[in-house]
2 protein chains.
Amino acid sequence: MNFRSGCPIASALDIVGDKWSLVIIRSMVMGATSYSDFLKTPEKIATNILAERLRRLELAGLILQAQARRGSIRGTYALTPKGAGLIPALQALGQWGEQNIPGRWKCPDRFNAARPEDFPR
Amino acid sequence: MNFRSGCPIASALDIVGDKWSLVIIRSMVMGATSYSDFLKTPEKIATNILAERLRRLELAGLILQAQARRGSIRGTYALTPKGAGLIPALQALGQWGEQNIPGRWKCPDRFNAARPEDFPR
DNA sequence: ACTTTTAACTTGCATTTTGCAAGAACAAAA
DNA sequence: TTTTGTTCTTGCAAAATGCAAGTTAAAAGT
């Protein structure tokens, strides 16, 4: 990874500062685990972008592919503690969106109650 | 603005979910007010991107151009309360970056102490 | 076992966004 | 009035994104 600077904020954005990464992680906090879960999402991510982002997030250590059933290459995705560490930032963004953009949905309680500790290992 | 969905998080990212917007706002929290202040930043933003982002952030109501000296079209930029509302999200991202990306700088105390209320009007 | 269906991707190509280099408009200073 | 520095604009190449279509592997049905 090559970072624009040593700033922790700019560097965080070098990793998840695109249009989709945090949307994917949001979905995982809400319980999504499979490729098709992510596609069901109302934001309608394109399949090539989704596949590329899952690869990138895994490489960055934010998510990992758990072997679902033996013999299967493809599995289900789970947040790592590192990925779950972004939950507070997501919640802050959600708060901001609710309060500053008209007509947004409310973040479900399950989302606001989520804590990084809920995603160990 | 057309949003991908009604989700407050996805919508927030439709506004500031690019590589530069939050870096610019970070700089403003740290005291940057002029075009040249933003260029001095270690991330080395390109001038065309900077100008476009300032226009866009102003249009979105996150920043505004205060008439610096009379007769001057160009002024200095300031965070609106709406823009300053992103401070908690930035701080959470900063925390995450410090804890999860090796070799990052520490966010200065001035940054962590900043509160949206510090930017009224 | 074998066909069908669904899930998990890949590929190709058009569109949009980003990045760099150069230069123009304006204000302040000399 | 020339110079200097700041604030933007323009043109073009490169990268990221979006859409449509196709491919591969696993699961489900017969």
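These values consider heavy atoms only, across backbone and side chains, with no hydrogens, waters or symmetry-generated copies. Small disclaimer: the values here were computed from a predicted structure and weren't measured. Proteins come first, then strands; the chains are lettered A, B, ... in the order of their sequence lines, and each starts at number 1.
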Engineer: Find the distance Ile45(A):CD1 to dT10(C):P and express it as a whole number of Å.
Structural biologist: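 Atom-to-atom, Ile45(A) to dT10(C), this comes out as 14 Å.
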Engineer: Show me the protein contacts with nucleotides 10-14 of chain D, counting only N or O atoms at under 3.5 Å.
Structural biologist:
from	atom 1	to	atom 2	distance (Å)
dG11(D)	O6	Asn48(B)	ND2	3.3

Engineer: For Pro8(A) versus Trp105(B), what's the shortest heavy-atom pair and its separation?
Structural biologist: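 Scanning both residues, the minimum pair turns out to be CG-O, 3.1 Å.
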Engineer: Under 4.0 Å, heavy atom to any atom of DNA chain C: which of residues 8-38 of chain A qualify?
Structural biologist: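 Those residues whose heavy atoms fall under 4.0 Å from DNA chain C, taken from residues 8-38 of chain A in numerical order, are Ser34(A), Tyr35(A), Ser36(A).
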Engineer: Over how many whole Å does the gap from Glu52(A) atom CD to dA15(D) atom P extend?
Structural biologist: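 After rounding, the gap between these two atoms is 14 Å.
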Engineer: Expressed as a whole number of angstroms, how long is the span from Arg56(A):CZ to dC9(C):P?
Structural biologist: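 Rounding to the nearest Å, CZ of Arg56(A) and P of dC9(C) are 17 Å apart.
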Engineer: Which comes earlier along DNA chain C counting from the 5' end, the contact point of Arg4(A) or that of Leu54(A), where each point is its nearest nucleotide?
Structural biologist: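 That would be Leu54(A).
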Engineer: Atom CZ of Arg26(A) and atom CD of Gln91(A): how far apart are they, to the nearest 0.5 Å?
Structural biologist: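 Here the rounded value is 13.5 Å.
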Engineer: Check the distance between dG18(D)'s P and Leu39(A)'s CG and give it to me in whole angstrom.
Structural biologist: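 Those two atoms, CG and P, are 13 Å apart.
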Engineer: Distance-only, no hydrogens or angles: does the Asp118(A) side chain make a donor-acceptor pair with backbone N or O of Arg115(A) under 3.5 Å?
Structural biologist: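 Confirmed, Asp118(A) side chain pairs with Arg115(A) backbone.
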Engineer: Considering only heavy atoms from C-beta outward, does the side chain of Ile15(A) approach that of Leu62(A) to under 4.5 Å?
Structural biologist: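 Yes; the side chains approach each other to less than 4.5 Å.
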Engineer: When you measure from the side chain of Arg53(A), which nucleotide among dT17(D), dC9(C), dC20(C) comes out closest?
Structural biologist: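 Comparing dT17(D), dC9(C), dC20(C) against the side chain of Arg53(A), the answer is dT17(D).
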Engineer: Whole-Å distance between dT7(D) C1' and Leu50(B) CG?
Structural biologist: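 Rounding to the nearest Å, CG of Leu50(B) and C1' of dT7(D) are 9 Å apart.
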Engineer: Tell me, do Lys40(A) and Asp37(A) make a side-chain contact under 4.5 Å, heavy atoms counted?
Structural biologist: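 Answer yes - side chains close enough.
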Engineer: When we call it a touch if two heavy atoms are under 4.0 Å apart, what does Arg55(A) touch: a base, just sugar-phosphate, or nothing?
Structural biologist: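 The residue Arg55(A) makes sugar-phosphate contact but no base contact.
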Engineer: Do Leu57(A) and Tyr77(A) have side-chain heavy atoms sitting under 4.5 Å apart?
Structural biologist: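 No, side chains not in contact.
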Engineer: Distance under 6.0 Å and angle within 45° of the ring axis: does Arg53(A) meet both against Phe38(A)?
Structural biologist: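 Verdict for Phe38(A): no cation-pi partner in Arg53(A).
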Engineer: Can you tell me how far apart CZ (Arg4(B)) and CG (Leu13(B)) are? Round to the nearest 0.5 Å.
Structural biologist: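 Answer rounded to 0.5 Å: 6.0 Å.
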Engineer: Phe111(A) versus Ile87(A): any side-chain heavy-atom pair under 4.5 Å?
Structural biologist: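 Side chain of Phe111(A) against side chain of Ile87(A), heavy atoms only: no contact under 4.5 Å found.
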Engineer: Specify the separation, in whole Å, of atom CD1 of Ile49(A) and atom P of dT16(C).
Structural biologist: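 About 15 Å, once rounded to whole Å.
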